[in-house]
Asks: 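One structure, as structure tokens, below. Some questions next.
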Amino acid sequence: MCNRKILVIGLGKEFGGVEVFIAKTCRELIKRGYCFDFLTYNDISNITKTRLECLGGRIYKVERYSANPLRFVKEITDFYQNHKEYSIIHCHASHASMIVYTFPIWFKKNIKIIFHSHNSSGNHKLFQRGMSILVNRIVDKRLACSSKASKWMYGNNKSIIIYNGVEALRFAYNEVVRSNLFYKYQIDQKIVIGHIGRFEEQKNHKFIVEIFEEALKRNRHLVLLLIGDGKLKNKIVELISEKKLQNNIIILPFQDNIQDYYSMMDIFLLPSLFEGFPIVGVEAQAAGVQCYFSDNITKEIAITDLTHFVDAKKSAAEWAEYILQTFKTLSISERKSYADTIRRSADIDNTVETIQQVYIEMEKLV
């Protein structure tokens, strides 16, 4: 039986960057003697459920506070009343309102709350400011994936910055894998522009398609690869059809062997409206993919010389022109070398070590 049980809050509907981060870090921390259960208000995806249940944890669901406040209060109160085995709550959040999922234990000294910011902006900003005051008063430890994410969640209050590390060598460029995927998707002598992310407004898929459309006018030897799931996926598929780009674009659901698809890419495109610290950007760099980020994204993502930042206000045509002007073909050895660079500076082991030290500190205070 595990005596170091931690409750994790903050799973989204789809298996996105935060869910990847949670699954990876929990898996490594289990090796160090911890075990985890998960609390969510979402109907989580099957892939998230499978990944987390493989870790041996239980997944609990309560009502969303904004959907049915009375039912939420009853269910969250009952949950904490029936589950007193947790001394640490690790809450992963894109918005300060996530603190409400811990409210029955705000004043219990024997339970410590760790709040972990994963975003740098979002909707309901006035509400965010109000709730962040509550967060700063209630939580025992503030974590953030970047300095921008810290500012968004905690204002000028101090936090520990923990970059989203990856299993760098797993993402190392593989020429054989690339050739096999080119054959599978019938790609021949093409430059592959890729994006991995949930189909949500934040990720700016409509703009990605517009950038690709402009790039294709300048170079016909291009393919766009979109990987992910989400509520806006059908709209993007319709947009692609309207623009008659379906023969140049590959759309896939999230892949279990996602590391292989980075080897397929030459260019990684992330013109997000906002981000915390996009783990996909680190994975892409580990695979030696040249990355083009909007300048809304924290510069802390620039771990290697593969990164470019483009003014988010520029037009799709200007993005396309800049990408095609600055892109250069790298040799196999050059692409492979970047995995070692990422391993030295942004490996998952470094991330896990920092989180464990936070847990140890909190355990001493319980």
Side-chain angles (χ1 to χ4, degrees), residues 8-14 16-19 21-22 39-43 62-77 89-107 113-162 164 197-207 230-232 235 270-278 293-301 311-313:
V8 174
I9 302 175
L11 300 174
K13 286 185 178 181
E14 308 297 340
V18 173
E19 291 70 36
F21 178 82
I22 290 172
L39 179 66
T40 181
Y41 58 81
N42 282 307
D43 293 318
V62 295
E63 181 62 78
R64 187 177 188 137
Y65 77 89
S66 58
N68 189 327
L70 291 178
R71 184 176 173 185
F72 159 73
V73 170
K74 182 182 185 307
E75 290 187 359
I76 198 72
T77 302
I89 312 295
H90 192 157
C91 187
H92 297 268
S94 296
H95 196 282
S97 60
M98 285 296 296
I99 192 64
V100 302
Y101 294 94
T102 66
F103 90 84
I105 56 167
W106 286 351
F107 305 105
I113 301 172
I114 300 169
F115 211 75
H116 200 147
S117 176
H118 285 280
N119 228 338
S120 61
S121 187
N123 298 323
H124 311 296
K125 293 183 179 179
L126 186 61
F127 186 40
Q128 165 72 9
R129 292 193 198 103
M131 293 302 291
S132 66
I133 295 172
L134 186 59
V135 168
N136 283 312
R137 289 180 178 175
I138 294 296
V139 304
D140 298 285
K141 184 65 67 174
R142 305 179 196 93
L143 309 181
C145 63
S146 69
S147 56
K148 277 191 172 183
S150 179
K151 183 72 174 178
W152 162 250
M153 194 67 70
Y154 313 119
N156 294 324
N157 291 284
K158 290 183 179 180
S159 69
I160 297 174
I161 305 298
I162 303 178
N164 297 342
R198 296 185 306 277
F199 282 78
E200 295 180 359
E201 184 180 356
Q202 171 189 350
K203 303 298 181 180
N204 216 2
H205 282 86
K206 181 176 180 290
F207 193 52
K231 61 185 179 182
L232 297 181
K235 287 187 176 181
L270 197 69
S272 301
L273 302 178
F274 51 88
E275 291 279 357
F277 185 86
F293 303 120
S294 72
D295 61 358
N296 294 321
I297 297 173
T298 176
K299 301 303 186 291
E300 292 156 299
I301 196 66
D311 187 343
K313 297 183 179 64

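Only this structure's heavy atoms are used, side chains among them; waters, hydrogens and symmetry mates stay out. Quantities reported herein were computed from a predicted structural model and do not represent experimental measurements.
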Asks: Is any side-chain heavy atom of Ile22 less than 4.5 Å from a side-chain heavy atom of His90?
Replies: no
Asks: Using modelled atom types only, decide if a donor and an acceptor are shared between the side chain of Asp295 and the backbone of Ala312 within a distance under 3.5 Å.
Replies: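 Looks like yes, one N/O pair under 3.5 Å.
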Asks: With distance as the sole test, does Thr298 use its side chain to make a donor-acceptor pair with the main-chain N or O of Lys148 at under 3.5 Å?
Replies: no
Asks: Drop me the distance from Ile138's CD1 to Ile99's CD1, to the nearest 0.5 angstrom.
Replies: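 Atom-to-atom, Ile138:CD1 and Ile99:CD1 are 6.5 Å apart.
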Asks: How would you list, by chain and number, every residue that makes a ring-ring contact (aromatic ring centres under 6.0 Å, His included) with Phe115, sequence neighbours excluded?
Replies: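 In terms of ring-ring contact (aromatic ring centres under 6.0 Å, His included), with neighbours along the sequence ignored, Phe115 is linked to no residue.
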Asks: Can you give me the closest heavy-atom contact between Glu19 and Gly10, atom names plus distance?
Replies: OE2-O, 4.0 Å
Asks: Taking the side chain as C-beta and beyond, is there a heavy-atom pair between Arg142 and Val135 under 4.5 Å?
Replies: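 They are not in contact (no side-chain heavy atoms under 4.5 Å apart), so the answer is no.
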Asks: Grab the two heavy atoms, one from Ala144 and one from Ala149, that are nearest each other, plus how far apart they are.
Replies: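 Where Ala144 meets Ala149 most closely, the heavy atoms are CB-C, 4.1 Å.
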Asks: Who passes ring-ring contact (aromatic ring centres under 6.0 Å, His included) against Tyr154, sequence neighbours left out?
Replies: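 By the ring-ring contact (aromatic ring centres under 6.0 Å, His included) rule, Tyr154 matches no residue at all.
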Asks: Roughly how far, to the nearest 0.5 Å, is CZ of Arg198 from NE2 of His205?
Replies: 10.0 Å
Asks: Quick one: closest heavy-atom pair of Gly122 and Phe274, and the distance?
Replies: CA-CZ, 3.6 Å
Asks: Look up atom OG in Ser132 and atom CE in Met153, then write down how far apart they are to the nearest 0.5 Å.
Replies: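 Atom-to-atom, Ser132:OG and Met153:CE are 8.5 Å apart.
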Asks: Take the angle between the ring planes of His116 and Phe21 and call it parallel below 30°, perpendicular above 60°, tilted in between.
Replies: perpendicular
Asks: Of all heavy-atom pairs between Phe277 and Ser146, which one has the smallest distance, and what is that distance?
Replies: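 Closest approach of Phe277 to Ser146: CB-CB, 4.2 Å.
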Asks: Measure the shortest side-chain to side-chain distance between Asn42 and Leu11 over non-hydrogen atoms and say whether it is less than 4.5 angstrom.
Replies: no
Asks: For residues Phe127 and His95, determine if any side-chain heavy atom of one lies less than 4.5 Å from a side-chain heavy atom of the other.
Replies: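 Yes, their side chains come closer than 4.5 Å.
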Asks: Less than 4.0 Å between a side-chain N and a carboxylate O, is that true for Glu275 and Lys203?
Replies: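 Salt bridge: yes.
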Asks: If you compare all heavy atoms of Ile297 against all heavy atoms of Ile301, which two are closest, and at what distance to 0.1 Å?
Replies: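 Ile297 and Ile301 have their closest heavy atoms at CG2-CG2, 4.1 Å.
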Asks: Quick one: are Leu273 and Phe207 in side-chain contact, heavy atoms under 4.5 Å?
Replies: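 Sidechains of Phe207 and Leu273: no contact.
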Asks: For Ser150 and Ile161, which heavy atoms make the closest approach, and how far apart are they?
Replies: CB-CD1, 3.9 Å
Asks: If we check ring-ring contact (aromatic ring centres under 6.0 Å, His included) with Tyr41, which of these qualifies: Tyr101, Tyr65, Phe72?
Replies: Tyr101
Asks: Could you give the distance from CG (Asn136) to NZ (Lys158), rounded to the nearest 0.5 Å?
Replies: 13.5 Å
Asks: Let me confirm one number: the CD-SG distance from Glu300 to Cys145, rounded to the nearest 0.5 Å.
Replies: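 These two atoms lie 8.5 Å from each other.
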Asks: So does Asn123 get a backbone contact from the side chain of Gln128, meaning a donor-acceptor N/O pair under 3.5 Å?
Replies: no
Asks: How many angstroms lie between atom CG of Leu232 and atom NZ of Lys206, to the nearest 0.5 angstrom?
Replies: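 If I round to the nearest 0.5 Å, the distance is 12.0 Å.
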Asks: I want to check something: taking the side chain as every heavy atom from C-beta on, are Leu39 and Ile76 in contact at a cut-off of under 4.5 Å?
Replies: yes
